[in-house]
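The block underneath contains the structure these notes are about, expressed in structure tokens.
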Protein chains: 2
Amino acid sequence: MVTETGQARRPTSFDVAKKAGVSRATVSHILNGQGSRFPEETRNRVLNAASELKYQPSPAGRALVTGRSDVIVVVMPNTTFGSNLQDLVDEVTRLAGLHGLSVVVRFAGRDPAETLAAVMNFRPVAVVNFGGLSRDDQTTLAASGAATIPSAARDEDASGKDPNFLIGQRMAEELLRDGPRPLVFAALLDERTDPFGPARYAGLKAVTDARGLPQPARIEVPLDIVGATLAVDTVSVEGASIGVACYNDHVAIAVLAAGRTLGLATPEDLAVIGVDATEVGQLVSPRLTTIALDNSVLMRKIAADLEAVTKHKAPIQTQDAGREFLTVIQGETS
Amino acid sequence: MVTETGQARRPTSFDVAKKAGVSRATVSHILNGQGSRFPEETRNRVLNAASELKYQPSPAGRALVTGRSDVIVVVMPNTTFGSNLQDLVDEVTRLAGLHGLSVVVRFAGRDPAETLAAVMNFRPVAVVNFGGLSRDDQTTLAASGAATIPSAARDEDASGKDPNFLIGQRMAEELLRDGPRPLVFAALLDERTDPFGPARYAGLKAVTDARGLPQPARIEVPLDIVGATLAVDTVSVEGASIGVACYNDHVAIAVLAAGRTLGLATPEDLAVIGVDATEVGQLVSPRLTTIALDNSVLMRKIAADLEAVTKHKAPIQTQDAGREFLTVIQGETS
DNA sequence: CCCCGAACGTATCACGTGTCAAAATCTTTT
DNA sequence: AAAAGATTTTGACACGTGATACGTTCGGGG
């Protein structure tokens with residue numbers, strides 16, 4: 001029953017076995033690392049046959065028998081996707097490739113349950129969570145056999161602090177550098193759909209509390225001039241100066257635009273700080289003061305976790321304990 | 001051989017069959033639309049059993065037997081990923097969900113062959129190409145049974161023109177609105193890795209040719225102030241005015257920043273136009289003149305193609321023939 | 001009464017793989 | 001030379017599904 005029409009059938013492990021003159025089981029063993037038990041001569045025969053046939057194991061076949069697909073799902077918040085996260089994804093893809101894994105990117109949609117279901121449907125070997133999966137989701141995932149990476153970096157780093165809390169703290173310190181002033185937290189979105197906002201706000205608040213200042217206000221700043229102006233107008237006080245800690249650089253740019261419209265001088269009346277150190281933020285005038293996040297630390301953590309997961313070992317303790325993962329880029333807006 | 005430890009086994013179609021008191025084959029038939037042959041009573045019994053057990057067919061099992069996974073791969077250029085594309089991906093995800101398909105996002109990496117291999121490895125039912133897959137890649141994909149979507153929108157729309165060519169034309173027309181001036185095309189990247197650049201440049205050139213102007217220069221503008229200034233300095237002429245058509249809004253912002261550094265007045269000495277109508281572009285000062293792309297047209301095309309693919313019918317001819325898919329947003333930079 | 005077709009349901013194969021237990025072969029020891 | 005051990009190889013099963021082709025039942029027409 002040969003199908004004359006249509007695309008050529010991909011070679012299977014059976015084809016490799018036939019060409020190498022061994023059984024399919026032998027091929028499978030050798031191609032999956034258990035090959036040390038075989039004499040070099042046999043191993044080479046199989047390896048050569050496989051590469052000559054350009055044999056690629058069927059993902060479906062593997063997934064069916066192992067109950068797990070060779071896939072890593074990267075879950076991203078559907079908030080602005082800066083080049084920051086882009087680079088991170090590229091790097092994860094590269095790393096995963098080293099372990100023979102494919103990477104799938106999934107944006108966390110409006111419905112968290114749907115996102116979780118979609119992720120679980122892939123039966124991934126691991127899930128890289130850049131935001132969008134709650135802690136509950138992670139335990140559900142763990143129960144289904146998929147490790148969440150970075151193992152806890154989004155919740156607490158080596159020093160036991162949530163990185164986003166630290167970001168909030170640093171933003172507050174920077175905004176209060178030249179003396180006390182009321183602080184405002186400028187979010188982009190509804191709090192429920194913002195994975196990082198609450199922790200950052202907490203960081204801000206920790207600083208104002210410590211210094212006996214009133215607790216920061218919170219506004220939602222849409223990325224258009226009219227909406228942003230309205231939002232900023234809510235918190236700007238006649239003749240007084242305020243410091244606005246923004247969700248990211250884009251929000252900061254919106255706040256600055258609003259300030260221009262409202263005739264506020266920067267940084268005197270309106271000090272602004274962003275997060276992400278976007279390229280655009282350094283190209284606008286005035287140049288943005290912003291927080292640069294050191295992805296390399298996070299990336300090393302991810303790499304280590306990934307290594308651990310694929311090797312079925314416990315996550316390695318990273319050595320980045322005291323390392324600063326965030327830097328203030330001093331612009332002209334604070 | 002019951003595994004006491006570990007997660008609960010997911011229900012299989014066999015479990016559904018048992019609960020409904022029928023055979024597994026019946027379940028398969030009814031759950032795959034071939035159920036019209038069965039009396040309503042049986043059908044309901046199976047359907048209820050399936051929903052009570054929260055039965056989800058195993059993707060691996062399906063993929064193995066059908067030779068195709070219920071997946072749509074969205075290939076994105078690894079250039080800046082604006083909210084533009086983000087929305088598009090969200091919409092594709094929603095649409096695919098309606099057909100019971102999952103969406104996988106893949107960024108086109110440095111190595112096109114590797115990207116293609118990764119995409120083919122998923123054996124997707126269709127591939128949505130937002131840039132990064134060459135025409136050759138598409139035919140390879142087609143040979144493997146995966147349709148490329150939008151079927152030809154990236155190459156020619158209903159009027160037979162490449163959209164990117166049209167974008168180039170419009171940019172030129174806008175920049176030459178107030179009289180002739182030398183034009184420059186500001187790319188972000190190396191031309192080989194830029195999926196849209198060449199066609200846009202061709203659009204520019206078509207206009208300058210038609211008007212008897214010198215052909216546009218081409219510069220690569222990195223997104224930092226020093227690099228951008230160097231690049232712009234290359235093409236700025238003492239006392240004369242130039243018009244710069246940019247790859248996207250971010251590049252336009254970089255060109256503007258360079259112009260400020262070089263002491264060029266905008267739009268008199270340096271007119272700039274971007275593409276994408278980014279939110280940030282409308283928040284900076286001066287407000288960017290830019291080209292807004294109407295995703296709804298592209299999206300309808302994708303939706304139609306998707307429908308066609310899942311229904312195994314030929315792509316429907318969309319009715320958007322004469323519709324403008326791009327709009328100039330008049331800012332303060334041209 | 002017999003046969004037939006329609007209606008309904010199911011046994012069975014095929015997909016490609018990983019792995020266990022057992023078989024086959026080779027090597028060493030008694 | 002036979003037994004015991006070590007090394008190398010393989011047969012066979014399981015994974016969960018879609019679909020083809022085949023059975024079974026039942027009512028009715030010849």
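Numbered from 1 within each chain, the chains take letters A, B, ... in sequence-line order.
In this structure the side chain of A/Ile302 never reaches within 4.5 angstrom of the side chain of A/Glu91, judged on heavy atoms.
Using modelled atom types, one finds no donor on one side chain facing an acceptor on the other under 3.5 Å when comparing B/Ser134 with B/Asp136. Side-chain contact check for A/Asn32 and A/Arg62: at least one donor-acceptor pair (N or O, by modelled atom type) lies under 3.5 Å.
Per the geometry, CG belonging to A/Asp15 stands 9 Å off P belonging to C/dT17, to the nearest Å. Distance B/Glu40 CD to C/dA7 C1': 16 Å, rounded to the nearest Å. A straight line from CZ of B/Arg62 to P of C/dT17 spans 20 Å, rounded to a whole angstrom. Rounded to a whole Å, the CG atom of B/Asn32 is 10 Å from the P atom of D/dT17. Per the geometry, NZ belonging to B/Lys18 stands 18 Å off C1' belonging to C/dT10, to the nearest Å. Atom-to-atom, CZ of B/Phe14 to P of D/dG18 comes out at 16 Å; the value is rounded to the nearest Å. Spacing between atom CG of B/Asp70 and atom P of C/dC15 amounts to 19 Å, rounded to whole angstrom units. Atom CG of A/Leu31 is separated from atom P of C/dG18 by 8 Å (rounded to the nearest Å).
Side-chain atoms of A/Asp15 come within 3.5 Å of backbone N or O of A/Thr12 as a donor-acceptor pair. No donor-acceptor pair under 3.5 Å is formed between the side chain of A/Ser28 and the backbone N or O of A/Arg24. Judged by distance alone, the side chain of B/Asn121 and the main-chain N or O of B/Ala117 form no donor-acceptor pair under 3.5 Å. Without hydrogens or angle criteria, B/Thr93 side chain to B/Val89 main chain gives a donor-acceptor distance under 3.5 Å. Counting only distance, with no hydrogens or angles, the side chain of B/Ser58 and the backbone of B/Gly61 share a donor-acceptor pair below 3.5 Å.
A salt bridge links A/Asp305 to A/Lys301: one of the charged nitrogens lies within less than 4.0 Å of a carboxylate oxygen.
Distances shown here put every side-chain N or O of B/Ser13 at or beyond 4.0 Å from the OP1 or OP2 atom of D/dG16.
Contact detail for B/Tyr55 and B/Pro11: the closest heavy-atom pair is CD1-O, 3.4 Å.
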I need a per-nucleotide contact map over nucleotides 9-15 of chain D, read 5' to 3'. Cutoff is protein heavy atoms under 4.0 Å; write B for the base, S for backbone only, - otherwise. BBBB-BB

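A/Val127 pairs with exactly one of A/Leu116, A/Ile149, A/Leu133 by the side-chain contact (heavy atoms from CB on, under 4.5 Å) rule, that one being A/Leu133.
Rounded to 10°, the helix from C/dC1-D/dG30 to C/dT30-D/dA1 has 80° between the axis fitted to its first five pairs and the one fitted to its last five.
For the segment residues 48-59 of chain A, no residue has any heavy atom less than 4.0 angstrom from an atom of DNA chain D.
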